[in-house]
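Positions are given from 1, in the same order as the sequence printed here. Predicted model only: the values in this text are computed from it and were never measured.
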Amino acid sequence: MKFPARFTSHLHAFAALLAIAPLGGAMAQTGTIAGKVMDAATQLPIAGARIVLSGGAAETQSTIAGEFRLVNVRPGRVIIAAFRLGYKTSSDTITVVAG
C-alpha cells in the first residue's frame with residue numbers, strides 16, 4: 001500500500017506567516033494562530049488534519065481547504081504539530097506575541 005506524500009515543510013513555511021492578532025479587552029493578552037496544511041507532493045490542502053499546540057494548550061482540525069485557526073493562545077514559544085493518518089507528522093516551534 002502506498003501512502004500519500006508527507007505533510008510538507010510548509011508547516012514551517014507558514015509559521016512565518018501565522019496571523020498573530022489581538023482579541024481586544026481582557027483577551028488582549030492572547031493571540032490567534034492561523035495557517036494551512038498542504039500535501040508536500042501535490043500542494044493540495046489536507047482536510048481533517050489535527051493541529052495541536054504543545055502541552056495540549058489548544059487543538060483544532062483543518063477545514064476542507066486545509067485551513068485552521070487557534071484562538072486565545074497564550075504568548076510565548078509553543079510547538080505546533082499537524083497529524084493526519086497516512087502522513088508523516090510535521091511540527092515547528094513558533095513564538096506567539098500578546099496583543
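Remark: Glu59 pairs with Arg50 by the side chain to side chain donor-acceptor pair (under 3.5 Å) rule, at least two apart or across chains. For Glu67, the side-chain contact (heavy atoms from CB on, under 4.5 Å) partners two or more places apart in sequence, or in a different chain, are Lys36, Thr63, Ala65.
Taking the side chain as every heavy atom from C-beta outward, Val78 and Val96 approach each other to under 4.5 Å. Leu70 places a side-chain heavy atom less than 4.5 Å from the side chain of Ile51.
Rounding to the nearest 0.5 angstrom, the gap separating the CZ atom in Arg77 from the OG1 atom in Thr93 is 5.5 Å. For the atom pair CG of Asp39 and CG of Leu44, the computed distance is 6.5 Å after rounding to the nearest 0.5 Å.
The two residues Pro75 and Val97 make their nearest non-hydrogen contact at CB-C, 4.3 Å.
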Note to self: Checking Val73 against Leu53 for the side chain to side chain contact (heavy atoms under 4.5 Å, CB included) test, could you report, in this order, the C-alpha distance in whole Å, the side-chain angles of both residues, the deciding distance, and whether it holds?
What the structure shows: CA-CA 9 Å; Val73 179; Leu53 291 186; 3.7 Å; yes
Margin query: Please evaluate residues Phe68 and Ile80 with respect to the criterion side chain to side chain contact (heavy atoms under 4.5 Å, CB included), reporting the C-alpha separation (whole Å), side-chain torsions for both, the decisive distance (0.1 Å), and the verdict.
Written below: CA-CA 12 Å; Phe68 69 89; Ile80 186 169; 3.8 Å; yes
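A donor-acceptor distance shorter than 3.5 angstrom exists from the side chain of Arg84 to the backbone of Ala47, with no hydrogens or angles considered. Between the side chain of Ser54 and the backbone N or O of Ile79, at least one donor-acceptor pair lies under 3.5 Å.
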